[in-house]
Amino acid sequence: DVKVTQSSRYLVKRTGEKVFLECVQDMDHENMFWYRQDPGLGLRLIYFSYDVKMKEKGDIPEGYSVSREKKERFSLILESASTNQTSMYLCASGGWGQKSQKLFFGSGTQLSVL
Amino acid sequence: AQTVTQSQPEMSVQEAETVTLSCTYDTSENNYYLFWYKQPPSRQMILVIRQEAYKQQNATENRFSVNFQKAAKSFSLKISDSQLGDTAMYFCATDNNNDMRFGAGTRLTVKP
């Protein structure tokens with residue numbers, strides 16, 4: 001089975017801290033994504049990456065950065081955490097099969113910023 | 001950018017009955033892909049069904065089927081013979097050149 005592993009299921013941080021959310025996939029997928037999920041807003045794309053060291057901004061990149069040094073790992077970084085970044089963060093990876101992309105998701109990280 | 005709209009925040013259905021979840025989207029592209037994902041209480045997102053926009057035939061996966069109306073940019077999900085395990089959040093999504101966008105979700109409750 002494909003696995004997308006997020007390093008933490010729950011995380012509590014303080015305002016101003018630097019926060020790293022890690023995501024690892026084991027399917028050699030080219031594409032990886034970071035979303036945040038908020039009630040009533042669904043999933044909003046923060047960043048995605050289609051290759052090592054490549055990244056593209058999504059809809060809400062402000063306050064976030066990403067790193068993809070290796071194909072299997074895509075990290076989301078909150079440079080200075082703020083309370084409005086309290087949310088569920090979902091990582092996903094996808095590969096192309098039958099000309100369409102199927103995403104595999106991690107179990108999510110519920111981040112609380114106090 | 002593409003936008004995806006799910007106008008039903010919550011729905012409920014009796015076990016064994018049929019329910020339809022609505023989704024509309026906006027894209028300027030002609031070739032794209034559409035998906036329905038399910039997120040049960042475990043939070044694990046699971047692909048339910050996938051539709052390629054250039055195919056006119058509606059996709060089906062067992063009890064799940066879609067009604068794809070390309071001109072109207074509508075992509076609804078029909079769940080037949082609803083089961084308790086279908087209780088979840090359902091997200092409609094579009095994919096255009098690696099750019100995946102999701103709707104706000106519909107919370108479906110299947111009642112015994």
Side-chain angles (χ1 to χ4, degrees), chain A residues 1-6 8-10 23 25 27 29-51 54-61 68 74 87-111, chain B residues 1-10 21-27 29-55 59 61 66 68 75 88-108:
Chain A
D1 282 351
V2 174
K3 277 196 176 172
V4 179
T5 303
Q6 293 184 232
S8 304
R9 194 159 173 88
Y10 298 96
C23 177
Q25 51 100 355
M27 275 299 292
H29 284 159
E30 296 83 9
N31 304 323
M32 296 188 74
F33 305 79
W34 274 106
Y35 294 90
R36 65 177 279 176
Q37 182 179 1
D38 301 288
L41 297 177
L43 277 68
R44 291 181 291 166
L45 182 64
I46 305 172
Y47 270 97
F48 69 97
S49 168
Y50 53 87
D51 202 352
M54 305 301 287
K55 61 185 179 185
E56 293 285 343
K57 292 180 180 179
D59 292 328
I60 51 165
R68 193 161 180 206
F74 192 37
S87 185
M88 170 76 74
Y89 290 87
L90 287 170
C91 174
S93 73
W96 285 89
Q98 298 179 351
K99 299 182 182 180
S100 67
Q101 177 169 226
K102 176 181 178 180
L103 287 189
F104 297 86
F105 284 84
S107 297
T109 296
Q110 179 64 53
L111 173 67
Chain B
Q2 309 164 99
T3 58
V4 182
T5 302
Q6 293 179 250
S7 58
Q8 305 151 314
E10 294 188 18
L21 309 183
S22 301
C23 174
T24 58
Y25 59 92
D26 186 19
T27 180
E29 300 297 325
N30 193 47
N31 194 22
Y32 50 91
Y33 303 91
L34 299 159
F35 305 83
W36 278 97
Y37 280 87
K38 167 185 176 181
Q39 186 182 43
S42 67
R43 300 185 342 198
Q44 186 70 52
M45 293 276 280
I46 303 164
L47 177 66
V48 175
I49 199 164
R50 172 173 54 194
Q51 173 81 40
E52 297 165 56
Y54 64 88
K55 287 188 176 180
E61 287 285 343
V66 300
F68 175 44
F75 182 61
M89 283 288 290
Y90 287 82
F91 293 96
C92 178
T94 63
D95 176 9
N96 176 29
N97 290 331
N98 295 336
D99 187 356
M100 292 283 294
R101 301 302 171 112
F102 289 79
T106 297
R107 183 176 301 280
L108 176 67

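Naming convention: chains lettered A, B, ... in sequence-line order (proteins, then strands); numbering from 1 in each chain.
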Practice task
Can you tell which part of A/Gln110 gets under 4.5 Å to a heavy atom of chain B, answering side chain, backbone, both or neither?
Solution key: both
Handout entry: Pairs of heavy atoms under 4.5 Å with chain A: top-ranked of B/Met45, B/Arg107, B/Arg43
Key = B/Arg43
Exercise for the section: Quick one: closest heavy-atom pair of B/Ala104 and A/Gly40, and the distance? Expected result: CB-O, 3.4 Å
Handout entry: OH-CZ distance between A/Tyr35 and B/Phe91, expressed to the nearest 0.5 angstrom
Key = 11.5 Å
Problem - Contacting moiety of B/Gln39, where chain A heavy atoms sit under 4.5 Å - result: side chain
Exercise for the section: Any chance you could measure A/Leu103, atom CG, to B/Phe35, atom CZ, to the nearest 0.5 Å? Expected result: 6.5 Å
Practice task
Nearest 0.5 Å please: distance from the CG atom of A/Asp59 over to the OG1 atom of B/Thr3.
Solution key: 10.0 Å
Exercise for the section: Supply the atom-to-atom distance B/Phe102 CZ to A/Gln37 CD, rounded to the nearest 0.5 angstrom. Expected result: 9.5 Å
Problem - Which atoms of A/Leu41 approach chain B - backbone, side chain, both or neither, heavy atom under 4.5 Å - result: backbone
Exercise for the section: Quick one: do B/Arg101 and A/Leu45 satisfy side-chain contact (heavy atoms from CB on, under 4.5 Å)? Show the steps, please. Expected result: CA-CA 7 Å; B/Arg101 301 302 171 112; A/Leu45 182 64; 3.8 Å; yes
Handout entry: CZ on A/Phe105 to CD on B/Gln44, rounded to 0.5 Å
Key = 9.5 Å
